[in-house]
> 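Below is one structure. I have some questions about it.
Given the structure is predicted, the values throughout are model-derived calculations rather than measurements.
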Amino acid sequence: MWCPSVSLSVWTNAWLAGLAAPDDVLDALSLWAPKHSVAAYDSDAAGRTGLPWPDLTNFGGVSLLQTLRAAVGVGRSAPAFHLVLPVPGDVRGLAPGTQFHHDAFAVGEAIVITSDTGASVGLVPDFEYDDSPVDLDGPDTGDVEIVVSALSWTVYSVPPIPLGTHYDLGEEEYRLKYAVRSAAEALGRLRAMGSDVDDPRSMVEDLVASELMHELPDHAPKRAVRVLENAAHVDAIVAVSSGLAPIGLQSSSEIQIAGDAMKPLTDVVRSARLAAVDAILHSAWEQQPR
């Protein structure tokens with residue numbers, strides 16, 4: 001679904017382009033966790049961002065914004081942020097063999113920031129959880145909610161590397177249109193085969209609603225917003241169907257067929273999100289006075 005790296009990228013980019021306030025960035029991040037912190041992984045990252053070294057103390061949300069401004073530098077006329085969503089078989093944007101590569105791949109998201117001098121840093125988020133989960137329905141039900149207490153961002157120095165394929169937003173919207181239809185048909189087939197879940201479509205709606213609560217800057221192009229909304233819908237269907245398949249399907253061959261049907265949809269969702277976020281990042285700078 002939507003991830004912290006998207007929120008941080010689009011809102012900080014809007015702030016640096018003069019189209020949002022610092023509080024707008026912090027408000028967007030607050031939907032992920034009540035507290036945010038930032039620390040350097042290595043001395044080069046500290047030198048590029050102004051973070052203390054070797055002191056590994058985490059600093060709060062305001063320090064995170066100061067760190068990002070320092071990493072970007074001055075005199076920008078184009079986005080400095082590059083979203084990375086690594087998956088098995090496609091880790092473009094990550095330098096092989098680095099700790100940044102390892103940690104970004106482990107969480108499935110990261111940001112690469114290129115400065116005005118050409119030096120780059122990478123950021124990887126990490127959720128921290130409350131040690132005492134909240135009991136939802138009393139001590140005997142076993143239903144608990146794991147509460148996120150903070151989100152920490154680690155900054156890494158990274159070597160210059162190709163940032164991956166440029167995804168065309170129009171092409172991705174076209175592919176996504178057919179993915180929506182395919183995903184809905186796949187969910188219908190799984191539901192028809194039998195499941196312990198009474199209303200999978202309601203589950204899809206809940207997942208989509210949880211993603212759409214994360215707002216975008218006002219400058220975001222309508223097409224990019226539409227693509228992200230459709231991607232959320234397909235992603236939710238894939239997530240719900242993945243939970244239904246082991247229950248609703250009776251044979252290993254049927255499970256394999258269902259999995260094969262869903263895999264291309266996941267790839268479409270990922271490329272559509274990358275294209276939409278890239279369009280949003282660029283749109284902020286296209287609105288700058290000439």
> Considering residues at least two apart in sequence or located in another chain, which fulfil the side chain to side chain donor-acceptor pair (under 3.5 Å) criterion with Asp103?
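Residues passing side chain to side chain donor-acceptor pair (under 3.5 Å) with Asp103: Gln99, Tyr156.
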
> Test of understanding: with salt bridge (charged side-chain N to carboxylate O under 4.0 Å, His left out), list the residues that count as partners of Asp44, not counting sequence neighbours.
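None.
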
> Under 3.5 Å, is there a donor-acceptor pair between the side chain of Asp90 and the main chain of Arg92?
yes

> List the residues meeting side chain to side chain contact (heavy atoms under 4.5 Å, CB included) with His219, not counting sequence neighbours, and say none if there are none.
Ala14, Leu19, Pro217, Ile280, Ser283, Ala284, Gln287

> Please walk me through it: do Glu171 and Lys177 pass salt bridge (Lys or Arg N to Asp or Glu O under 4.0 Å)?
CA-CA 10 Å; Glu171 180 179 341; Lys177 179 174 67 174; over 6 Å; no

> Give a yes-or-no answer on whether the side chains of Ser157 and Asp42 include a donor-acceptor pair shorter than 3.5 Å.
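Short answer, yes.
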
> Salt-bridge test for Arg270 and Asp235: reply yes if a basic N is under 4.0 Å from a carboxylate O, no otherwise.
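No salt bridge links Arg270 with Asp235.
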
> Please name all residues satisfying side chain to side chain contact (heavy atoms under 4.5 Å, CB included) with Ser9, sequence neighbours left out, ordered by chain then number.
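Side chain to side chain contact (heavy atoms under 4.5 Å, CB included) check on Ser9 returns Phe81, Ile111, Leu281.
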
> Examine the side chains of Arg175 and Ser271 and answer whether a donor and an acceptor come within less than 3.5 Å of each other.
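Note: Arg175 and Ser271 side chains meet the donor-acceptor criterion.
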
> Can you see whether Asn13 engages Trp285 through a side-chain donor-acceptor pair at a distance of less than 3.5 angstrom?
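Result is yes, a qualifying pair exists.
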
> Quick one: does Asp116's side chain have a donor or acceptor within less than 3.5 Å of a partner on Val74's backbone?
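Side chain of Asp116 to backbone of Val74, a donor-acceptor pair under 3.5 Å: yes, one is there.
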
> Provide the full list of side-chain hydrogen bond (donor to acceptor under 3.5 Å, both in side chains) pairs with a residue in residues 224-234, sequence neighbours left out, each pair given once.
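As it turns out, the side-chain hydrogen bond (donor to acceptor under 3.5 Å, both in side chains) pairs with a partner in residues 224-234, which skip direct neighbours, are Glu173-Arg226.
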
> For Asp126, what residues pass the side chain to side chain donor-acceptor pair (under 3.5 Å) criterion, not counting sequence neighbours?
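Per chain and number, Asp126 pairs via side chain to side chain donor-acceptor pair (under 3.5 Å) with no residue.
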
